[in-house]
Protein chains: 2
Amino acid sequence: MTGKQFTSVWLREPRKATTPGRSREEIVRAAVEMLDQEGLSGLSMRKLGAKLSAGATSLYWYVATKDELLELAYDEVWGEMTVPDPDRVGWRDSASALAHGMRQVVLRHPWSADLIGRLPALGPHAMEVADRMRKMFKAAGFTGPAIDFANATLTAYVFGMTIPETAWNATMGAQYDPDEMRAAVARAAAGHPDMLERINMDDYDDPMAMREMSFDFGLVSMLDGLERRLAT
Amino acid sequence: MTGKQFTSVWLREPRKATTPGRSREEIVRAAVEMLDQEGLSGLSMRKLGAKLSAGATSLYWYVATKDELLELAYDEVWGEMTVPDPDRVGWRDSASALAHGMRQVVLRHPWSADLIGRLPALGPHAMEVADRMRKMFKAAGFTGPAIDFANATLTAYVFGMTIPETAWNATMGAQYDPDEMRAAVARAAAGHPDMLERINMDDYDDPMAMREMSFDFGLVSMLDGLERRLAT
DNA sequence: ACCTGAACACCGTTCAAGT
DNA sequence: ACCTGAACACCGTTCAAGT
């Protein structure tokens with residue numbers, strides 16, 4: 001009774017689609033474009049309105065709030081994730097491909113990383129992915145709650161690994177000077193000889209490659225661990 | 001050369017601490033308090049100024065930007081994480097306790113979940129934790145880059161699991177009506193019989209307990225997987 | 001049914017001016 | 001050395017008014 005009322009775009013009837021004027025899809029498409037180009041903080045209702053050559057506040061007829069618009073844009077990102085058919089390649093390969101795919105999608109839309117901690121993923125695309133992931137883990141042999149646990153575990157790993165990556169990309173820019181970066185981190189790590197040992201390794205010469213290796217290492221560990229759950 | 005200049009509070013000399021007037025520590029403490037109470041969007045420089053009974057813009061003498069202040073507050077959160085001594089309890093227990101601790105810290109400061117994807121963790125507290133985690137994984141037997149891979153993997157898992165938890169807590173409030181929630185999710189999952197099967201399980205009667213179980217399931221899997229890396 | 005502009009209550013940040 | 005207030009360029013959102 002005392003609980004906050006739960007609201008989400010997905011739980012309200014959308015306005016009937018009519019031909020004239022703008023459409024929700026058009027707005028969401030433009031929003032995603034803007035988010036990709038300018039990031040989460042670069043999207044404003046006013047600027048988006050202008051981009052669609054509409055008055056500053058016209059969008060409010062299609063969308064109740066900016067947060068709702070973000071929910072819609074967020075689900076578009078989920079729509080880019082594909083779950084390979086586990087019956088054709090086996091669940092491990094399927095899970096592995098999915099994980100790499102999810103990472104790439106988030107790296108392509110870094111603003112989505114900020115939304116993972118802010119909006120529940122209840123859109124149709126997110127549901128579709130969740131549904132297919134459940135099928136995958138069922139095919140692997142999981143039963144009951146373990147299906148969802150395995151699902152949550154894999155998703156958590158992928159996002160947990162990728163979210164901080166977007167933070168680095170954001171502060172450092174895509175290309176930067178490896179020496180400057182090394183120096184910066186070395187300075188931050190001063191007083192921790194163990195950390196410095198790490199920094200003097202060649203990590204920073206090709207951080208992209210290093211991240212891939214790190215991602216693969218963790219992914220294999222994760223899948224090994226899940227496989228072990230099946231044995232017990 | 002073309003790279004964006006890398007900036008962070010931690011790479012600039014702090015202003016010399018002097019006795020009179022306000023201090024950076026005082027400001028950061030007040031900021032954390034405000035963030036805990038009102039969330040990330042509830043913190044404004046103006047309101048924080050008022051809380052310290054200072055003029056709206058006085059804080060800018062201690063801190064260059066709001067983002068810098070957030071970097072400082074973020075590191076305070078890292079300061080609450082404790083890494084048990086792996087020599088006393090063994091690395092698995094150490095890692096497990098650390099993981100649970102990290103999760104609790106983030107749940108206590110939900111705004112920090114939003115910052116993980118936005119700010120690199122370069123503060124002294126974050127460095128301290130990273131340093132101690134490296135020692136833990138060294139004690140476990142990892143060598144070379146694998147030390148950092150294992151580190152990244154565990155951290156990713158914990159944050160990846162916890163970040164969406166804060167999103168749920170935020171939209172649903174701490175206490176809510178389980179039936180309303182079940183109905184909401186059921187509606188979102190309409191058309192995916194597999195998902196519905198899940199919803200009709202008793203998950204939602206005690207979601208806190210369910211999340212704990214989920215977290216433990218993934219954590220054990222993760223640690224099993226890491227242990228397997230040691231064997232090879 | 002759809003769109004507009006003005007208006008409200010906010011933001012972060014700069015900067016000349018004060019003590 | 002520290003603090004202030006006014007000012008600039010923004011926000012999201014509401015709402016009466018237009019077509």
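Just so it is clear: chains get the letters A, B, ... in the order the sequence lines come, proteins before strands, and each one is counted from 1. Treat the numbers as computed from the prediction; the structure is a model and nothing was measured.
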Worksheet item: For B:L59 and D:dC2, what is the distance between atoms CG and P respectively, to the nearest whole Å?
Response: 14 Å

Response to the item:
By side-chain hydrogen bond (donor to acceptor under 3.5 Å, both in side chains), A:T57 pairs with (sequence neighbours left out) none

Practice prompt. Using whole Å, report how far CD1 of B:I27 lies from P of D:dC2.
Written response: 11 Å

Item to complete: Give the rounded distance in Å between these two atoms: CH2 of A:W61 and C1' of D:dG12.
Response: 20 Å

Worksheet entry | Nearest atoms (heavy-atom pairs only) where B:F217 meets A:T153 | CD2-OG1, 3.9 Å

Item to complete: Quick one: which residue pairs count as a salt bridge (Lys or Arg N to Asp or Glu O under 4.0 Å) with a foot in residues 46-55 of chain B, not counting sequence neighbours?
Response: B:E33-B:K51, B:E38-B:K47

Fill in: Residues touching DNA chain C, which here means a heavy atom under 4.0 Å, drawn from residues 34-44 of chain A
none

Worksheet item: Just how far, in rounded Å, is P of D:dG12 from CD of A:E68?
Response: 15 Å

Practice prompt. May I ask you to list the residues of residues 114-123 of chain B, by number, that have any heavy atom positioned under 4.0 Å from an atom of DNA chain D?
Written response: none

Practice prompt. Mind checking salt bridge (charged side-chain N to carboxylate O under 4.0 Å, His left out) for B:D75 and listing every partner two or more places apart, or none if nothing turns up?
Written response: none

Worksheet, complete the sentence: If one requires at least 3 consecutive Watson-Crick or G-U pairs with distances under 3.5 Å, the stems of DNA chain D turn out to be C:4-8 with D:12-16, C:12-16 with D:4-8

Fill in: Residue list, salt bridge (charged side-chain N to carboxylate O under 4.0 Å, His left out) with B:R103, at least two apart or on another chain
B:E165, B:E212

Worksheet entry | Closest heavy-atom pair and its distance - A:N151, A:F137 | CA-CE1, 3.6 Å

Worksheet item: Under 4.0 angstrom, heavy atoms only, what part of the nucleic acid is A:A54 near: base, sugar-phosphate, or nothing?
Response: sugar-phosphate

Discussion item. If we ignore hydrogens and angles and just use 3.5 Å, is the side chain of A:S53 paired with the main-chain N or O of A:A50 as donor and acceptor?
Written reply: no

Discussion item. I need the minimum non-hydrogen distance between A:L52 and A:A30, along with the two atoms involved.
Written reply: CD2-CB, 3.9 Å

Item to complete: Grab the CG-P distance between B:L48 and C:dC11 for me, whole Å please.
Response: 11 Å

Practice prompt. Can you tell me the distance, in whole Å, between the CG atom of B:L69 and the P atom of C:dC11?
Written response: 15 Å

Item to complete: Step by step, work out the ring pair (Phe, Tyr, Trp, His ring centres under 6.0 Å) result for B:F215 and B:Y157.
Response: CA-CA 9 Å; B:F215 187 81; B:Y157 172 69; 5.5 Å; yes

Item to complete: Measure from the side-chain heavy atoms of A:K47 and tell me the nearest of D:dT4, C:dC11, D:dC11.
Response: D:dC11

Worksheet entry | With B:T166 via side-chain hydrogen bond (donor to acceptor under 3.5 Å, both in side chains) - residues at least two apart | none

Worksheet item: What residues form a salt bridge (charged side-chain N to carboxylate O under 4.0 Å, His left out) with A:D194, not counting sequence neighbours?
Response: B:K138

Run the side-chain donor-acceptor check on residues 114-121 of chain B: report pairs under 3.5 Å with partners two or more places apart or on a different chain.
none

Could you go over nucleotides 14-19 of chain D and give all protein N or O partners under 3.5 Å, atom names and distances?
none

Discussion item. Rounded to whole Å, please give me the gap between CD in B:E26 and P in D:dC2.
Written reply: 13 Å

Fill in: Nearest listed nucleotide, side chain of A:R46, among C:dA1, C:dC11, D:dG12
D:dG12

Practice prompt. Tell me, please, which residues at least two apart from B:K66 pass salt bridge (charged side-chain N to carboxylate O under 4.0 Å, His left out).
Written response: none

Worksheet entry | Stepwise side chain to side chain contact (heavy atoms under 4.5 Å, CB included) test for A:M210 and B:D148 | CA-CA 10 Å; A:M210 210 62 182; B:D148 297 301; over 6 Å; no

Practice prompt. Find the distance B:M45:CE to D:dA7:P and express it as a whole number of Å.
Written response: 21 Å

